[in-house]
Enquirer: 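Below you will find the structure I want to go over with you.
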Amino acid sequence: MRFTFSILAIGLQIILIILFGVFVRYNTEKHLSSHNSTHEDDKFITLYPLFQDVHVMIFVGFGFLMTFLKRYGFSSVGINLLIAAFGLQWGTLMQGLWHLHDGKIEIGITSMINADFSTATVLISFGAVLGKTSPVQMLIMAVLEIFIFACNEHLVNFLNATDIGASMIIHAFGAYFGLAVSAVLYRSGLKKGHDNEGSVYHSDLFAMIGTLFLWMFWPSFNSAIANPGAEQQMAIINTYFSLAACVLTAYAFSSLVEHKGKFDMVHIQNATLAGGVAVGTCADMNIGPFGAMIIGFIAGIISTLGFKFLMPILASKLRIQDTCGVHNLHGLPGILGGIAGIVATALGAKPGYTPLLQGAALAATFGISVVGGVITGFILKLPFWGQPPDQSCYDDTIYWEGNIVTLYLDMPELGHFYQDQQMSI
Amino acid sequence: MRFTFSILAIGLQIILIILFGVFVRYNTEKHLSSHNSTHEDDKFITLYPLFQDVHVMIFVGFGFLMTFLKRYGFSSVGINLLIAAFGLQWGTLMQGLWHLHDGKIEIGITSMINADFSTATVLISFGAVLGKTSPVQMLIMAVLEIFIFACNEHLVNFLNATDIGASMIIHAFGAYFGLAVSAVLYRSGLKKGHDNEGSVYHSDLFAMIGTLFLWMFWPSFNSAIANPGAEQQMAIINTYFSLAACVLTAYAFSSLVEHKGKFDMVHIQNATLAGGVAVGTCADMNIGPFGAMIIGFIAGIISTLGFKFLMPILASKLRIQDTCGVHNLHGLPGILGGIAGIVATALGAKPGYTPLLQGAALAATFGISVVGGVITGFILKLPFWGQPPDQSCYDDTIYWEGNIVTLYLDMPELGHFYQDQQMSI
Amino acid sequence: MRFTFSILAIGLQIILIILFGVFVRYNTEKHLSSHNSTHEDDKFITLYPLFQDVHVMIFVGFGFLMTFLKRYGFSSVGINLLIAAFGLQWGTLMQGLWHLHDGKIEIGITSMINADFSTATVLISFGAVLGKTSPVQMLIMAVLEIFIFACNEHLVNFLNATDIGASMIIHAFGAYFGLAVSAVLYRSGLKKGHDNEGSVYHSDLFAMIGTLFLWMFWPSFNSAIANPGAEQQMAIINTYFSLAACVLTAYAFSSLVEHKGKFDMVHIQNATLAGGVAVGTCADMNIGPFGAMIIGFIAGIISTLGFKFLMPILASKLRIQDTCGVHNLHGLPGILGGIAGIVATALGAKPGYTPLLQGAALAATFGISVVGGVITGFILKLPFWGQPPDQSCYDDTIYWEGNIVTLYLDMPELGHFYQDQQMSI
């Protein structure tokens, strides 16, 4: 066990370098000698800021969103970085193999954006199994999931379905893949929860860093690979307004379903983002700003209700333990996005696409993600990947050096205690 | 009371969707069928990174800047998100109504930047009443303030005054509006302060996230709607150097006025930003980099001195309780910016503008913000908006679920205590 | 002592304003009257997002990376802001003096990027002496180091050596300069460490904010001043893949060298960035993505091993106390970058450059940084700069107002203690 992770990580990286040496080149190579600015050059530097926004979503957004766990912040942000750094290299290969040029994969701004996208699926799935799996398991999941993701993405393209913001092929795919893995790795020992499976005040604030960077940069995510001009602009505008509407309903329904009309931090951290997920498929369509707002409005509601009512049922009835509630942030809103795409194409919002093939893409994505997740789950269940025992779940000390746990106390006891001791708080 | 917030939020969002359905369209619609890149297309994607910088300032900058309060971080960053998400939709309508095209409001990158700007006024005012108002009150304030802001902005344009970085129409306006609201909502029970009205070590570090993102992206704020070319570039350069100069004087004067030459975190978090506010009005003028630095130099001084000497007087004599000190960060530097604009136009730094009309714009903005704030304050004082009682001020537990308060102890007692217990600290 | 800092800061700022008034103008001035978009205008707004990425690295990246110290977060992020705000003004002058136009320094996007770069050297050196020096000392170090940096940079240009991502002239320079200063300021009293010289759980999470923003935006750092087109794109692509490969080896070797295969947060925060440093010199060369990955692969290894094995030796044998381990993040990877540049130019990856002159540039940079650091160290050792006594090292209370220290407890004692008291944790 002692060296499994190191050997795997080094081995994967060496394989990547060899494959890159054989298959990968810059897409600029063909005009390296030219000093004239080309259309490709303009495109690269124009899209670079959108790429960087997506990059921030992947590393800071997903990474910090998962730091809400009080004793699992290092692993959340750290293993997120590890998976994504591996995944973007692996994704470059897996996606590129479907688009070879003279037998080579060409690297440019679009391939970099797509590579980042492919890591997003794994990071979403990571959220479902967060705290219950080892770094070795996560690397293996990344290898398998990105391969399956790239195949499914190719299938969706082949079906001539559209999914510019990837409601289906990233969000729903990542969520149901992760939930399937989580179902296979079901732990009856965690049925009644775990002491560490909760947040403290500042861990929730760290998570809000993730939420906000995801929220702000989502318009870039949904528009980065859209056609330049009107379509890309609509993708930005629609996402902007969908997210804004979603915030209002997420807050409203959080207050509706919680005790005394209070807000629940879990809803705010997650359901406010559902509008970005749900508007993805039809982001670049002419649905009107108000159409985008309707999608966001519904997404905020179903996401919040999912957290409150569906998540406990999934855990108890379907034995799916979903640490971060990815079903509510990515799964349900992803399906909503797919359905919105069916409706929008039926209404002619994007000429050349049909509701039938959109539906087929949604169904295929759902099926492939579940089957892929189940297979991956069984592979991850093999006994030599260092899966942590129940009592070490959600606990950084198992993977990180040092005295890493800070004291957090619930207030009531504290108040009493320190009053007894006559200390100032 | 139980459902007030939910009903208000849902109701507002439904109204917004209906109004958007009737009045709002993409400004790309007219050339949706064309596949040629247009001047408008270039402008959109060129300004998009600046828009995203402004977006980060609004949601992360303002949101985290206010997390300095030890027990009010959820509300600071959370209600900031709520207000801004509502405000950008409402601002799109309120500003757009003055600029209809065939009876429609057209959405493009400029309208999105302006919508974000309009939320900034409310977020500044929010700083003045932070911890003392309910989410319901804040939504109502946003409705009223953005309407009044849009009218005042239109008046300033009508006067042919210039305010590219909005020293007057956003910063001074937001500050004096908020201070007027705070004066009307004066709480004698908080005269001697409140146990929760302070920071702890890590809450101050969270606030520095807000400070730094505001500081870094301020050049984008001041230049986003400037004329492309030389004026926009000067707006970036001037803001860059004004902010840098401001940091030096903020540190210097913080050390001057504090005990033993130490720095005060409140000054560093806020006064370092005053240079961005103060250079706003003449950011796009030919004032020279050294001119910008002089403005920043002065802004850092008056802001720090405002925190140290003016703020206690405002609270005790004028009964204005200014939680975040927005008077020192936005009010005084905003007026300084307005005056700098008068001087700069008098010196001919921007042909076509006169000091007289600049002065009129400043006076009008001041008057309208105060009157608007007083009226809004009285509306917010109505007894059915769920304003928190004095003892629940600055306390997240009133609006948020769960055990959310972390233990923080002053060091001296702790040292003793744990020495007594023979524990390692 | 009481007023030293304030007088120095105000004095420096006044001198800067005067020098800017005499020497500095916008580079847009020559075409202020023109309303046509020029090539320069396009360049400014195209590079502006890359400038902002670099800006974030300087202020959030470096600033938060150093907040890992449990009681020195205010000073880390605060003095980082102070030095950088001063340094970007001073750097504008020091670098600009080598490139006068009609006796004037012209400010444009390139000069702003370079000004930010020049502050990076000081911030790297700051990492070596973090916690052991006063703000006054740091301002003086900034004055001296940026002057020496600008001279060395000019020498490297004069030698016709290339260093687009500044592996040598920023990273190695800043590291060895800082280490030389630290050696001169050696404190035997800290030989056995210091109670405050460590992290706590949340201070390590704050540091990860710095790590991630540095990691994500490093492609912008290495490409910002590259030639537009293929070279700039290769700089982005190479840095992207070098960093990704580096993450895998940093994790793998951290796990290899630590107890029970765990990860060490220090390695993850720092060594994951070594790939960005090391690929700097040949970032814009045609080394192939796999070439960049090999550089990152090696950088992750030597950086991690440096932290584990070399750093204790430096401290004990060479009496160099390197608080942040800048030798492992910037020093060794910077030299690796310089060597990679020698190899790459020998292989013809950048026509017009020779391995000989690359080697000369590396040697000169190393020599000048060490000599410059030693001289600066002796100047900083003068007894009137307010250097803190040993017991106040790594402690914010010496420079910051208020009760700023939060309670953190090691877990084991805590567990016992609270079990005894029958309290919930």
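Each chain gets a letter, A, B and so on, in the order its sequence line appears, and its residues count up from 1. The basis for the numbers below is simple: all heavy atoms, side chains too, and nothing from hydrogens, waters or symmetry mates.
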Enquirer: Using non-hydrogen atoms only, which part of A/Phe23 is less than 4.5 Å away from chain C: side chain, backbone, both, or neither?
Expert: neither
Enquirer: Main chain of A/Phe3, side chain of A/Ser6: is a donor-acceptor contact present, judged purely on distance under 3.5 Å?
Expert: no
Enquirer: Among C/Pro49, C/Gly229, C/Ala245, who wins on heavy-atom pairs under 4.5 Å with chain A?
Expert: C/Ala245
Enquirer: Would a 4.5 Å heavy-atom cut-off, applied to side chains only, mark A/Phe64 and C/Met208 as touching?
Expert: yes
Enquirer: Would you find a donor on one side and an acceptor on the other, under 3.5 Å apart, between the side chain of A/Lys104 and the backbone of A/Asn27?
Expert: no
Enquirer: What residue in A/Ile45, A/Val77, A/Leu82 has the most heavy-atom pairs under 4.5 Å with chain C?
Expert: A/Leu82
Enquirer: Counting heavy-atom pairs under 4.5 Å to chain A, which of C/Ile237, C/Asn238, C/Ile294, C/Asp264 comes out on top?
Expert: C/Ile237
Enquirer: Quick check on A/Phe86 against chain C: is it the side chain, the backbone, both or neither that has a heavy atom closer than 4.5 Å?
Expert: both
Enquirer: Mind checking whether C/His202 and A/Phe206 have ring centres under 6.0 Å apart?
Expert: yes
Enquirer: In terms of ring plane angle, is the pair C/Phe307 and C/His267 parallel, tilted or perpendicular, where the classes change at 30° and 60°?
Expert: tilted
Enquirer: At a 4.5 Å cut-off on heavy atoms, which part of C/Pro219 comes close to chain A: side chain, backbone, both, or neither?
Expert: both
Enquirer: Contact between C/Ile236 and A/Phe44 at the side-chain level, heavy atoms closer than 4.5 Å - yes or no?
Expert: yes
Enquirer: Taking every heavy-atom pair that is under 4.5 Å apart, which of C/Lys260, C/His259, C/Met265 has the most such pairs with chain A?
Expert: C/Met265
Enquirer: Between chain A and each of C/Leu50, C/Thr249, C/Ile301, count heavy-atom pairs under 4.5 Å; write down the option with the most.
Expert: C/Leu50
Enquirer: Under 4.5 Å heavy-atom distance to chain A, tell me which part of C/Ser254 shows up: side chain, backbone, both or neither.
Expert: neither
Enquirer: Please give me the minimum heavy-atom distance between A/Ser392 and A/Ile398, naming the atom from each residue.
Expert: CB-CD1, 3.6 Å
Enquirer: Is the distance between the ring centroids of C/Phe290 and C/Phe241 under 6.0 Å?
Expert: no
Enquirer: Taking every heavy-atom pair that is under 4.5 Å apart, which of C/Thr272, C/Ile209, C/Leu243 has the most such pairs with chain A?
Expert: C/Ile209
Enquirer: For C/Phe263, is it the side chain, the backbone, both, or neither that has a heavy atom closer than 4.5 Å to a heavy atom of chain A?
Expert: both
Enquirer: So that I know where these two stand, are A/Phe59 and C/Phe213 an aromatic pair - ring centroids less than 6.0 Å apart?
Expert: no
Enquirer: What part of C/Gln232 gets within 4.5 angstrom of chain A, counting heavy atoms only: side chain, backbone, both, or neither?
Expert: side chain
Enquirer: How about C/His55 and C/Phe51: are their ring centres within less than 6.0 Å of each other?
Expert: yes
Enquirer: Do you know which of A/Ser111, A/Gly73, A/Gly63, A/Ala115 has the most heavy-atom pairs under 4.5 Å to chain C?
Expert: A/Gly73
Enquirer: Report which part of A/Asn196 has an atom under 4.5 Å of a heavy atom belonging to chain C: side chain, backbone, both, or neither.
Expert: neither
Enquirer: For A/Thr46, is it the side chain, the backbone, both, or neither that has a heavy atom closer than 4.5 Å to a heavy atom of chain C?
Expert: neither
Enquirer: Check each atom of A/Leu205 against the heavy atoms of chain C and say whether the ones under 4.5 Å are side chain, backbone, both or neither.
Expert: neither
